[in-house]
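Structure first, commentary second.
This chain uses plain numbering: 1 for the first residue, then up along the sequence.
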Amino acid sequence: MSTAGQVIRCKAAVAWEAGKPLVIEEVEVAPPQRNEVRVKILYTSLCHTDVYFWEAKGQNPLFPRILGHEAGGIVESVGEGVTNLQPGDHVLPIFTGECKECPHCKSEESNMCDLLRINTDRGSMINDGKSRFSINGQPIHHFLGTSTFSEYTVVHIGQVAKINPAAPLDKVCVLSCGISTGFGATVNVAKPKKGHSVAIFGLGAVGLAAAEGARVSGASRIIGVDLNASRFEEAKKFGVTEFVNPKDHDKPVQQVIAEMTNGGVDRSVECTGSIQAMISAFECVHDGWGVAVLVGVPSRDDSFKTSPVNFLNERTLKGTFFGNYKPLTDIPKVVEQYMNKELELEKLEMFVTHSVPFSEINKAFEYMLSGQGLRCMIRMEH
């Protein structure tokens, strides 16, 4: 029986207030409006960004809300004006978008769409400023335009990457956020050359994806920096050759790395959001040619200082957003690289260290808060 054009009643995990366990509720999901699609979510995973906005520390609290932004699903129905997607298409909803019309989308250098770039404060659809979710008439806020902690969600077409239907959604769905962010930061932005040394700050999922990017680029030394020594064994599988724990040293970690590498690494990628890690990542690259790339998201009011001489000595500091990938143009190509075995599908499997049914979604939060594993896959139980 077709549900197109009708309100769908389904289960969603609702965050009613900051830091409190999500509650599985029956929600009503309105049909998609102009330039929107309704997606049946099959797999979703928990990312640190979901946790930040669930805790609402240093962020604007917006509740009740349906979190979730790393997922894979199938288009259930399409709204008015949608021609590039149809029911049955396999898709990855993505937290940022590509309208294909603005100066950023037309630029070969940028992926920061004017219309659909990430907006953490927006809890509604941009088409009409209204939510597509409700419980007994009460609107429930969206999150990042995706809200994948629901069996069905409504997403703007510019935030939906259509992918090869043969791709296993339970594996490639992690490409919709963290893995692409880390991998792209290295291969698209830091661009290490064969034989280069690379330092990776933070060995969570994003950092390990950045390390994998360094490995496939042919880096000769990949130095992992993390305060959690238990992460080193896992990091070796992604190419990390050496490990530095800042707690083991009585001098700044940038000095430790400079001494290890005869003046500094060729490239560094910072994946923690810590201001101190950002300074260290910049100051540990070699003068003359070193490039540091910032990936981690800091708290809203953070700032850091470094001597201008570090720039005058020809060190480069860059930032990146979603690994410089354009969601609609590039992510389907990355999926194809895995399908064609140009990249290792087995590596994607290694990022998923836990799996829970949707009814136990709060366990995913427990795993992440206790630092267990990398990604927890949440299986929808349609």
Side-chain angles (χ1 to χ4, degrees), residues 11-25 27 39 41-57 59 61-73 92-96 118 120 133 140-153 155 159 168-183 202-209 228 231 234 271-273 295-297 322 348-381:
K11 289 184 180 143
V14 178
W16 287 100
E17 53 185 303
K20 295 291 173 67
L22 306 190
V23 181
I24 304 290
E25 305 274 14
V27 299
V39 178
I41 299 295
L42 297 182
Y43 298 96
T44 185
S45 50
L46 182 67
C47 167
H48 270 110
T49 306
D50 298 305
V51 176
Y52 291 146
F53 285 89
W54 168 71
E55 292 178 324
K57 292 176 183 169
Q59 316 292 349
L62 194 60
F63 299 98
R65 200 171 204 181
I66 296 173
L67 298 167
H69 64 282
E70 199 172 76
L92 303 181
I94 298 184
F95 65 92
T96 185
I118 186 170
T120 57
F133 298 109
I140 308 295
H141 295 295
H142 291 251
F143 179 63
L144 303 184
T146 52
S147 291
T148 60
F149 293 167
S150 175
E151 291 177 330
Y152 288 86
T153 187
V155 188
Q159 288 184 246
L169 282 173
D170 59 332
K171 297 177 178 62
V172 299
C173 76
V174 296
L175 292 171
S176 65
C177 177
I179 309 312
S180 295
T181 295
F183 189 83
L203 298 176
V206 175
L208 293 182
N228 183 350
R231 286 182 159 172
E234 189 73 20
C271 304
T272 71
V295 180
V297 179
F322 192 46
L348 282 189
E349 294 174 6
M350 288 161 58
F351 282 106
V352 180
T353 50
H354 296 83
S355 177
V356 296
F358 188 42
S359 57
E360 298 176 18
I361 189 171
N362 287 304
K363 277 191 181 170
F365 282 77
E366 291 168 19
Y367 291 138
M368 184 162 282
L369 289 167
S370 61
Q372 294 180 57
L374 299 170
R375 281 292 188 264
C376 179
M377 188 62 63
I378 298 155
R379 308 182 303 276
M380 291 303 184
E381 304 158 284

Mark yes or no for whether Ser176, through its side chain, and Leu92, through its backbone, hold a donor-acceptor pair below 3.5 Å.
no

Quiz prompt | CA sep, side-chain torsions, deciding dist, call: Leu374, Leu208, side chain to side chain contact (heavy atoms under 4.5 Å, CB included) | solution = CA-CA 9 Å; Leu374 299 170; Leu208 293 182; 3.7 Å; yes

Flag side-chain contact, heavy atom, 4.5 Å: Leu175 against Leu348 | yes

Determine whether a donor-acceptor pair (N or O, by modelled atom type, separation under 3.5 Å) exists between the side chain of Ser180 and the backbone of Cys177.
no

Self-check item: Student check: side-chain heavy atoms of Ile41 and Tyr152 closer than 4.5 Å
Solution: no

From the list Lys11, Glu381, Arg379, side-chain contact (heavy atoms from CB on, under 4.5 Å) partner of Ser359 resolves to Glu381

OH (Tyr52) and SG (Cys47) are apart, to the nearest 0.5 Å, by 8.5 Å

Exactly one candidate in His354, Lys363, Met368 meets side-chain contact (heavy atoms from CB on, under 4.5 Å) with Leu46; the answer is Met368

Query raised in the report: Would you say Leu22 and Val14 make side-chain contact, with heavy atoms under 4.5 Å?
Result: no

Salt-bridged, Glu17 to Lys20, with N to O below 4.0 Å? yes

In terms of heavy-atom contacts, Val155 and Gly145 come closest through CG1-O, 3.4 Å

**OP:** Determine, for Glu70 against Arg375, whether the closest basic-nitrogen to carboxylate-oxygen distance falls under 4.0 angstrom.
**Re:** yes

* To do: Taking the side chain as every heavy atom from C-beta outward, state whether Val352 and Val174 have any atom pair closer than 4.5 Å.
  => yes

* To do: Report yes or no: does Asp50 contribute a side-chain atom to a donor-acceptor pair with the main-chain N or O of Leu67 at less than 3.5 Å?
  => no

All heavy atoms of Ile66 vs all of Ala12, minimum pair found to be CD1-CB, 3.8 Å

The test is side chain to side chain contact (heavy atoms under 4.5 Å, CB included); show your working for Tyr43 and Met377 and say whether it passes.
CA-CA 7 Å; Tyr43 298 96; Met377 188 62 63; 3.8 Å; yes

One should read off an interatomic distance between Leu144 CG and Thr49 OG1, to the nearest 0.5 angstrom, of 7.5 Å

| task | Describe, in one word, how the ring planes of Phe95 and His69 are oriented to each other, choosing from parallel (under 30°), tilted (30 to 60°) and perpendicular (over 60°). | result | perpendicular

Shortest non-hydrogen pair, Phe358 vs Ala13, comes out as CZ-N, 3.5 Å

**Message:** So that I can tick it off, tell me whether Arg231 and Glu234 are bridged by a salt bridge, with the cut-off set at under 4.0 angstrom between side-chain N and carboxylate O.
**Reply:** no

dist Ser150:OG -> His142:NE2 (nearest 0.5 Å) comes out at 9.5 Å

*Could you walk me through whether Leu369 and Glu55 pass the side chain to side chain contact (heavy atoms under 4.5 Å, CB included) check?*
CA-CA 11 Å; Leu369 289 167; Glu55 292 178 324; 3.6 Å; yes

Taken to the nearest 0.5 Å, the spacing of Glu151 CD from Met380 CE works out to 6.5 Å

**OP:** Evaluate the side-chain proximity of Glu25 to Trp16: yes if any heavy-atom separation is below 4.5 Å, no if none is.
**Re:** yes

With the side chain counted from C-beta on, respond yes when Ser45 and Ile378 share a heavy-atom pair under 4.5 Å apart, and no when they do not. no

(Q) Is there a side-chain contact between Thr146 and Thr153 in this structure, where contact means two heavy atoms from C-beta onward sitting under 4.5 Å apart? (A) no

Contact between Ile361 and Phe149 at the side-chain level, heavy atoms closer than 4.5 Å - yes or no?
yes

Of all heavy-atom pairs linking Ala209 and Gly178, the shortest is CB-O, 4.4 Å

- prompt: Ring centres of His141 and Phe63 under 6.0 Å apart?
  reply: no

On a heavy-atom basis, the closest approach of Thr353 and Met350 is CG2-O, 3.8 Å

